[in-house]
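Working notes, structure below.
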There are 2 protein chains.
Amino acid sequence: MGSAERKEREKHEMRELILSAAKSLFLKEGFEHVTIRRIAEEIEYSPATVYLYFADKDTILCALQELGFRELYKKQQVLAVIQNPADRLRACGKIYMDFAMENQEWYDLMFIMRAPMKAFDTPADWNLGKDTYDVLRAIIIECIEKGYLKAKDPQIACFALWSLMHGVVSIFIRDRAPMIPKEHREHVIDSILDFTMAEFLEK
Amino acid sequence: MGSAERKEREKHEMRELILSAAKSLFLKEGFEHVTIRRIAEEIEYSPATVYLYFADKDTILCALQELGFRELYKKQQVLAVIQNPADRLRACGKIYMDFAMENQEWYDLMFIMRAPMKAFDTPADWNLGKDTYDVLRAIIIECIEKGYLKAKDPQIACFALWSLMHGVVSIFIRDRAPMIPKEHREHVIDSILDFTMAEFLEK
DNA sequence: CATAATTATAAACGCCGTTCATTTATTAAT
DNA sequence: ATTAATAAATGAACGGCGTTTATAATTATG
């Protein structure tokens, strides 16, 4: 009897329905309107029904987060055409920070908000973030190999440069830089990239 | 009739009472237990009474934030005894990141959480953060003057280095670095400082 | 067709920040 | 000292949230 398979498929479809409602709420009305009750309303089910398909709200946010990572990973793909690793490093930073500033709520969900992280205990669940992180790591390893970076430990160099970029955009997103007018943000990001390349890189 | 002054004083005392209850809840039970209802319970008044002394919850969080800034500023004072500006820069970073890791919820409130920032629209309210930021800026200006840093724009250098430090600790605090075991965090912070000093500084 | 299993829901629980009509306490004026 | 005016405090509610549970509706199986 193949009805078990259909059941499985229906369950999966319902999950997708819930996620798409969550996503559309997120995009149209912002994070704070993504509530179980609003999701349920959107798909015309009761709030309790949502809990038949997802353990809790964090699990749903986690799935949304995943979409964000895919988007970022997609944007990183254009880096492949840049030959010089130093140029590629700069472009990587630019793509990262532009993504953050153009999709602030997504970035917030992916890298700042507490909520979705409660859902995974084990680092194994971090696969999504890992892929995007590995893009940076590969570039840095090449930069070290080719002598653009004098750092010997790529782990540290990678974490430091990621931290720098994350620091910049997360300060902006959470409004901790009143000394920098909003109109200057884009320019500051470029200046930070220039500064970093000038100070960090050898040639 | 000096009763108006006494009224003023009583009002101030009540505000202090509320804040001290908020602080003690924050320290003893963590941020999530700092609710208007719990504060009211703590001081044995009704929740509505709290609103006679504070406009809303964010205003209270804002005052808590201020305490955090004072604490950080106090810790920065030991920097004064360090003569060499490059050494002072490193120590400044160390103090900052240690403060963040040892007082994670305070740091979160000061630099990450959205809540207390809704309370101030104008950069004028940022005086507290400005003092601690100026400590870093003074050091960097001296580093540039004395040729330790080749950057010409201290604004950018300052923002970049702050971003780097903030990035590191905020990634840790919000658990975005599963690739780094918790036991290694302290060591990574030191390595980041080494890396930064090595890559950034001239001599 | 009847029974078992699944799916959906209404209603509630226990929180939250906040508001407002009403009561209680204090002060000022007669 | 008594009353009138002012200020302080509150109980109860509003509208929200995530989540749970007992019950009802639906669907599948024997």
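What's counted below: heavy atoms across the whole structure, side chains too, no hydrogens, waters or symmetry copies. Naming: A, B, ... by sequence-line order, numbering from 1 per chain.
When every heavy atom of A:K75 is checked against every heavy atom of A:I95, the shortest pair comes out as O-CD1, 3.5 Å.
For the pair B:L17 CG and D:dA8 P, the computed distance is 15 Å after rounding to whole Å. The nearest whole Å value for the distance from the CD1 atom in B:I18 to the P atom in C:dG17 is 14 Å. For the pair B:F54 CZ and C:dT19 C1', the computed distance is 19 Å after rounding to whole Å. Going from atom CD of A:E41 over to atom C1' of C:dA10 covers 16 Å, rounded to whole Å. We find that CZ of A:R9 is positioned 17 Å from C1' of C:dT6, with the value rounded to whole Å. Straight-line distance from the CD1 atom of B:I43 to the C1' atom of D:dA8: 13 Å, rounded to whole Å. The distance from atom CG of A:L25 to atom P of D:dG18 is 11 Å, rounded to the nearest whole Å. A straight line from OH of B:Y51 to P of D:dA8 spans 19 Å, rounded to a whole angstrom.
Between the side chains of B:T59 and B:D56, at least one donor N or O lies within less than 3.5 Å of an accepting N or O.
Under the ring pair (Phe, Tyr, Trp, His ring centres under 6.0 Å) criterion, the residue pairs touching residues 20-57 of chain B are B:F26-B:W106, with sequence neighbours excluded.
The distance from the CD atom of A:E66 to the CE atom of A:M110 is 11.0 Å, given to the nearest 0.5 Å.
Ring centroid separation for the pair B:Y73 and B:F99 does not come in under the 6.0 Å cut-off.
Not counting sequence neighbours, the partners of B:D108 by the side-chain hydrogen bond (donor to acceptor under 3.5 Å, both in side chains) test are A:R114, B:R174.
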- Query: Which letters describe nucleotides 9-16 of chain D, given B = protein heavy atom under 4.0 Å from base, S = only from sugar-phosphate, - = neither?
  - Reply: BBB-B---
